[in-house]
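Right, one structure below, let's go through it.
Numbering starts at 1 and runs along the sequence shown.
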Amino acid sequence: MSMFEGWRQFFSPQSEEIIYPYGSAIVQPKAWIRYTQPNGWVYYYHPILRVITSEDIHDTEMVESILSCAAEHLACMEDDGSIVHLPNDWQISMVLVDPDGEDPFAISMQSWNDMGSYTSSEENGFQRIQNKSHFWETVVEYPMHRPLPLAAETEFLGALSRGADESSLGVKSIFPYDGRQLKLLLRIYRDLKALRDAGEKVPALDWYFGRVMCEIEHHHETTFETGTPITHHAAYHQKTEDEYWIRVLDVLLSFFFFGTHKMYRGRLRATEPRGCPHLPYFRKLMTSLLVEWAGHRVSCGRNCLSYPLRY
């Protein structure tokens, strides 16, 4: 059977059964790297096997259990073909949840480059975990063994920027921090970034991204991704049909403007999940429309040099 390098020794080529060579140097405690989080918690990372855990790797039985469960999980993924969907920088995290149960560990896989978490089971197959908070929680728990990509910093700054916009508008929004807290968050970010720019390794910066983004994503998920008053309506009320005169007007405009009206109306409707406007979707639509209209204006200007275009 074809298995990732480092995991081959856990399988017998003849019977394809999992073996537990704890005596092998690759699974000795010295093969694990110990990391300490900014909050003082300790976790261990095996760079060859790509296993992360906060359990005691000096306990022989614990290490055997961790590696055998991880190997069995990867073997199942290989058997059903889902292992090919994993990003190249995959890693597997093991958390002990039920020492006496059939499945003692909660197992999930992550990709730092793809900024995602994944699960695989016989019932549901290979799936990317939709809640982004799960990935950021993993970053908070294991922030020290490798750096996050630049996209993580971009997402962090983008989230703070959107929060600042909504705070300046004076509306109650999905952002969990107020203006004063935003300034403090940016100040901490600039201080940590200054250390990094000076050439120092600052893994605490990734931990900080995770802590802030966890709070933001949790807030988004619990408020249905929209502003608070609208969220409550969207969560508990179904979308109502348009009034009669709106439907008549829709038919007339479609007749005069053909597919153009239908196209723009469909794009505008997409910004209203369950009939409630979603500000980020609406902003994205307006941005795309401005780009389209600006391009159309430049094109018309080139073809009609003497005709002043106004809109």
What are the two closest heavy atoms between Asp206 and Pro147, and how far apart are they? OD2-CA, 3.4 Å
Quick check: do Pro143 and Pro38 have side-chain heavy atoms less than 4.5 Å from each other? yes
Side chain to side chain contact (heavy atoms under 4.5 Å, CB included) between Val51 and Met94: does it pass, once the steps are laid out? CA-CA 7 Å; Val51 179; Met94 311 287 293; 3.9 Å; yes
Can Ser93 and Gln110 be counted as having a side-chain donor-acceptor contact under 3.5 angstrom? yes
So CD of Gln91 and OG1 of Thr138: to nearest 0.5 Å the spacing works out to 8.0 Å
Can any side-chain N or O of Asp56 pair as donor or acceptor with the backbone N or O of His58 at less than 3.5 Å? yes
Over all heavy atoms of both residues, which pair between Ala204 and Leu192 is shortest? Give the atoms and the distance, please. O-CD1, 4.3 Å
Would a single hydrophobic cluster contain both Ile66 and Ile52, if residues Ile, Leu, Val, Met, Phe, Trp and Tyr are joined by side-chain heavy-atom contacts under 4.5 Å? no
Are there over 12 heavy-atom neighbours, none belonging to Arg211, within less than 6.0 Å of that residue's CZ? no
Decide, yes or no, whether a salt bridge links Glu153 with Arg196 under the criterion of side-chain N to carboxylate O below 4.0 Å. yes
Pair Asp89 + Arg50: basic N to acidic O under 4.0 Å: no
For side chain to side chain contact (heavy atoms under 4.5 Å, CB included), just list the numbers for Tyr35 and Tyr45, CA-CA rounded to whole Å, side-chain angles, deciding distance to a tenth of an Å, and then say yes or no. CA-CA 8 Å; Tyr35 293 95; Tyr45 176 62; 3.9 Å; yes
Nearest heavy atoms of Val140 and Trp207, plus distance in Å: O-CD1, 3.4 Å
Side-chain heavy atoms of Lys201 within contact of Leu195, under 4.5 Å: no
Between OG1 on residue Thr154 and CE on residue Met115, distance to nearest 0.5 Å: 8.5 Å
Using distance only, find each side-chain donor-acceptor pair of residues 96-103 under 3.5 Å and give its atom names and separation, not counting sequence neighbours.
from: Asp98; atom 1: OD1; to: Gly101; atom 2: N; distance (Å): 3.4

Going through the distances and angles, do Arg146 and Asn113 end up as a side chain to side chain contact (heavy atoms under 4.5 Å, CB included)? CA-CA 11 Å; Arg146 58 174 302 187; Asn113 292 340; 3.6 Å; yes
Tyr118 and its ring pair (Phe, Tyr, Trp, His ring centres under 6.0 Å) partner, picked from Trp90, Phe126, Phe135: Phe126
Which residue, Glu141, His145, Arg34, Gln37, forms the side chain to side chain donor-acceptor pair (under 3.5 Å) with Tyr43? His145
Looking at Phe105 and Glu55, what are the two nearest heavy atoms and their distance? CE2-CG, 4.4 Å
Got a sec, which residues hit side chain to side chain donor-acceptor pair (under 3.5 Å) with His134, two or more places apart in sequence or on another chain? Ser117
Look at the side-chain heavy atoms of Ile, Leu, Val, Met, Phe, Trp and Tyr, link any pair under 4.5 Å apart, and say whether Met144 and Val42 land in one connected group. no
Going through the checks in order, is the side chain to side chain contact (heavy atoms under 4.5 Å, CB included) test met by Leu74 and Met109? CA-CA 10 Å; Leu74 289 172; Met109 311 190 76; 3.6 Å; yes
Approximate separation, where rounding is to 0.5 Å, of Ile216 CD1 and Leu160 CG: 5.5 Å
Distance col, row Met62:CE vs Leu67:CG, nearest 0.5 angstrom, shows 11.5 Å
State which residues pass side chain to side chain donor-acceptor pair (under 3.5 Å) with Glu217; sequence neighbours excluded, sorted by chain then number. none
Assign the ring pair Tyr189 / Phe209 to parallel, tilted or perpendicular, where the plane angle (0 to 90°) is split at 30° and 60°. tilted
Are Ile48 and Tyr142 linked, directly or through other ILVMFWY residues, by side chains that come within less than 4.5 angstrom of each other? no
Pair Arg128 + Asp114, salt bridge at N-O below 4.0 Å: yes
Here the gap from Leu186 atom CG to Leu157 atom CG, rounded to the nearest 0.5 Å, amounts to 7.5 Å
Taken to the nearest 0.5 Å, the spacing of Leu185 CG from Arg180 CZ works out to 10.0 Å
When the aromatic ring centroids of Tyr208 and Phe156 are compared, is their separation below 6.0 Å? yes
Linking I/L/V/M/F/W/Y whenever any side-chain heavy atoms sit under 4.5 Å apart, do Tyr44 and Leu49 land together? yes
Would you say the side chains of His218 and Glu137 form a donor-acceptor pair under 3.5 Å? yes
Decide, yes or no, whether a salt bridge links Asp191 with Arg187 under the criterion of side-chain N to carboxylate O below 4.0 Å. no
With no hydrogens and no angle check, is any side-chain donor or acceptor of Ser68 less than 3.5 Å from a backbone partner on Glu64? yes
Could you report the tightest heavy-atom contact between Ser120 and Ser82, atom names first, then the distance? OG-OG, 3.5 Å
Tell me whether Val63 shares a hydrophobic cluster with Val95, the cluster being built from Ile, Leu, Val, Met, Phe, Trp, Tyr side chains joined at under 4.5 Å. no
